[in-house]
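Step one of this worksheet: look at the structure below.
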Amino acid sequence: MIGVSTKILGRKIIYFQEIDSTNEYAKRIAMEEEEGTLIIADVQRKGHGRRSREWASPRGGIWMSVILKPDVHPRHLIKIVFVGAVGVVEALEALGVEAKIKWPNDILVNGKKICGILAEGKYSESKVDYIILGVGLNINVDKDALPPEATSLKEILGVELPLMDVFKVLIGKLEHWYGIFKRQEHDILFNRWRSHAILNRKVRILSEEGEFEGIAWDVDEDGALIVETPDGKMEKVIYGDVSLRYA
Ligand code: ATP
Ligand code: BTN
């Protein structure tokens, strides 16, 4: 039994030693479950990021997904990724680790990815059925079990941390920022996001339609990245099938 002090997130916890993917499991049960049900596993066999890209999920990480059913217009759902990012960064901060947000869904420490966030939902044009907030955080994971561009808390701190302690800090922070999202205090959310994000930097945007370079200045009220191209045009890049590289 995992004892947590949050009111919504984790009021029901479904734990697996091993699973395909907590996000996939969450999607399978989401319609029948109450908001806040959280799925967590020691190991994922088929953990994934965007576009079904493989997410390494060996023992020693937090691989979790929480089912959320906010009573908001579906256009706001994209902001759940921002809730996840700010929550993770603040949880790491509470553990003494300074992390940065790489738009849209990566958390970096010393330039290496320590955490990925994946929000996947079911909604129509006017109604939200659910949105799953998936978080993968490398804690006591050995370097050789991760891709070369990744890092873990163990690598940064030089010690292993009890997963449960990190989990409790994390869901406390996520619940706090989810409350702000539900109250539609979007400015508070975006301002905090900005203060932790890597902005004012030259970036390369890659998508199936092609590539372009520019300077990433900010995000707009819908979470789109505002990029100034060399000819001075402001392009808005929407979270979706795009990748960002720092140039
Ligand atoms: P992109 O790199 O194209 O901007 P992304 O960073 O959001 O996209 P995804 O497309 O969602 O990443 O795919 C996950 C990527 O994360 C994989 O390509 C892999 O390089 C990396 N990765 C996989 N497992 C881990 C892990 N446990 N920790 C850190 N990074 C990982
Ligand atoms: C990213 O690519 O940056 C997002 C990775 C998200 C990984 C988490 S781990 C828990 C949940 N289950 C999954 O299969 N993916 C997410």
Side-chain angles (χ1 to χ4, degrees), residues 6-12 21-40 47-53 55 63-91 101-107 115-137 170-171 173-194 196-197 205 207 218-226 236-244:
T6 42
K7 290 203 171 65
I8 303 171
L9 271 66
R11 60 178 158 198
K12 174 173 172 187
S21 148
T22 56
N23 259 46
E24 292 308 310
Y25 187 87
K27 284 191 274 181
R28 293 197 286 270
I29 62 168
M31 290 308 275
E32 287 78 49
E33 289 290 331
E34 263 191 280
E35 150 148 303
T37 296
L38 188 149
I39 298 93
I40 185 161
H48 64 86
R50 296 183 295 158
R51 287 159 287 165
S52 307
R53 287 167 70 178
W55 181 260
W63 323 121
M64 65 168 230
S65 304
V66 54
I67 298 167
L68 302 172
K69 301 188 172 183
D71 184 15
V72 299
H73 191 279
R75 71 167 175 269
H76 293 305
L77 287 181
I78 194 70
K79 300 183 178 88
I80 287 293
V81 179
F82 292 74
V83 167
V86 173
V88 169
V89 167
E90 288 200 344
I101 304 168
K102 174 179 176 247
W103 181 93
N105 66 332
D106 296 345
I107 309 299
C115 173
I117 294 153
L118 183 66
E120 299 182 281
K122 182 169 182 284
Y123 46 89
S124 64
E125 267 181 23
S126 57
K127 183 176 156 285
V128 176
D129 287 327
Y130 62 80
I131 177 99
I132 309 293
L133 173 60
V135 178
L137 179 59
L170 177 60
I171 62 167
K173 295 292 184 188
L174 291 174
E175 175 146 307
H176 172 77
W177 286 98
Y178 181 54
I180 286 173
F181 166 80
K182 283 221 287 195
R183 293 195 295 277
Q184 310 221 8
E185 295 172 338
H186 299 142
D187 284 354
I188 297 178
L189 174 62
F190 278 119
N191 283 337
R192 182 52 64 92
W193 186 91
R194 283 186 186 98
H196 294 298
I205 303 292
S207 75
D218 201 359
V219 286
D220 72 5
E221 65 282 2
D222 296 318
L225 189 69
I226 301 170
K236 284 192 175 180
V237 185
I238 297 165
Y239 172 81
D241 289 348
V242 294
S243 290
L244 180 152

- prompt: In terms of heavy-atom contacts, does OH of Tyr239 have more than 12 from other residues, nucleotides or ligands at under 6.0 Å?
  reply: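 Result for OH/Tyr239: enclosed.
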
- request: Answer yes or no: does atom CD1 of Ile29 have more than 12 heavy-atom neighbours from other residues, nucleotides or ligands under 6.0 Å?
  value: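 Counting neighbours around CD1 of Ile29, more than 12 heavy atoms of other residues, nucleotides or ligands fall under 6.0 Å, so yes.
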
May I ask you to decide if [Y]'s main-chain N or O and [X]'s side chain share a donor-acceptor pair within less than 3.5 Å?
{"X": "Asn105", "Y": "Ile117", "result": "yes"}
{"X": "Arg50", "Y": "Val242", "result": "yes"}
{"X": "Trp103", "Y": "Gly223", "result": "yes"}

Between [X] and [Y], which heavy-atom pair has the shortest distance, and what is it?
{"X": "Cys115", "Y": "Val135", "result": "SG-CG1, 3.8 Å"}
{"X": "Ile131", "Y": "Pro70", "result": "CG2-CD, 3.8 Å"}
{"X": "Pro74", "Y": "Ser124", "result": "CG-O, 3.3 Å"}
{"X": "Trp55", "Y": "Gly116", "result": "CH2-N, 3.4 Å"}
{"X": "Glu175", "Y": "Ile8", "result": "OE1-N, 2.8 Å"}
{"X": "Val83", "Y": "Tyr178", "result": "CG1-N, 3.7 Å"}

So how far is it from [X] [atom1] to [Y] [atom2], rounded to the nearest 0.5 Å?
{"X": "Thr6", "Y": "His176", "atom1": "OG1", "atom2": "NE2", "result": "14.0 Å"}
{"X": "Thr22", "Y": "Ile67", "atom1": "OG1", "atom2": "CD1", "result": "10.5 Å"}
{"X": "Glu35", "Y": "Lys182", "atom1": "CD", "atom2": "NZ", "result": "4.0 Å"}
{"X": "Arg51", "Y": "Ser243", "atom1": "CZ", "atom2": "OG", "result": "4.0 Å"}
{"X": "Glu221", "Y": "Arg75", "atom1": "CD", "atom2": "CZ", "result": "10.0 Å"}
{"X": "Leu9", "Y": "Thr37", "atom1": "CG", "atom2": "OG1", "result": "10.0 Å"}

Partner of Ile132 by side chain to side chain contact (heavy atoms under 4.5 Å, CB included), out of Ile80, Leu68, Val66, Asn23: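 The single option meeting the side chain to side chain contact (heavy atoms under 4.5 Å, CB included) with Ile132 is Asn23.
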
- prompt: Can Lys12 and Glu34 be counted as an ion pair, charged N to O under 4.0 angstrom?
  reply: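 Here Lys12 does not pair with Glu34 in a salt bridge, since their nearest N and O are not under 4.0 Å apart.
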
- request: Could you walk me through whether Glu24 and His48 pass side-chain contact (heavy atoms from CB on, under 4.5 Å), step by step?
  value: CA-CA 9 Å; Glu24 292 308 310; His48 64 86; 2.7 Å; yes

task: Using the test side chain to side chain donor-acceptor pair (under 3.5 Å), find all partners of Lys173 that sit at least two apart in sequence or belong to another chain.
output: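 Residues passing side chain to side chain donor-acceptor pair (under 3.5 Å) with Lys173: none at all.
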
All side chain to side chain donor-acceptor pair (under 3.5 Å) counterparts of Lys69, not counting sequence neighbours: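 Lys69: no side chain to side chain donor-acceptor pair (under 3.5 Å) contacts found.
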
query: Does any non-hydrogen side-chain atom of Met64 lie less than 4.5 Å from one of Leu174?
result: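 Contact flag for Leu174/Met64 side chains = yes.
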
- prompt: Taking C-beta and beyond as the side chain, do Ile101 and Ile107 meet within less than 4.5 Å on heavy atoms?
  reply: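 Yes; the side chains approach each other to less than 4.5 Å.
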
- request: Please step through side-chain contact (heavy atoms from CB on, under 4.5 Å) for the pair Ile180 and Val86, ending with a clear verdict.
  value: CA-CA 11 Å; Ile180 286 173; Val86 173; over 6 Å; no

If the plane angle is over 60° it's perpendicular, under 30° parallel, otherwise tilted; pick one for [X] and [Y].
{"X": "His76", "Y": "His73", "value": "perpendicular"}
{"X": "Trp193", "Y": "Phe82", "value": "tilted"}
{"X": "His186", "Y": "Phe181", "value": "tilted"}

query: Stepwise, does the side-chain contact (heavy atoms from CB on, under 4.5 Å) test hold for Arg192 with Trp177?
result: CA-CA 10 Å; Arg192 182 52 64 92; Trp177 286 98; 3.5 Å; yes

- request: May I ask you to check whether His196 and Glu90 show a side-chain donor-acceptor distance below 3.5 Å?
  value: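 No, because no side-chain N or O of His196 sits under 3.5 Å from a partner of the opposite role on Glu90.
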
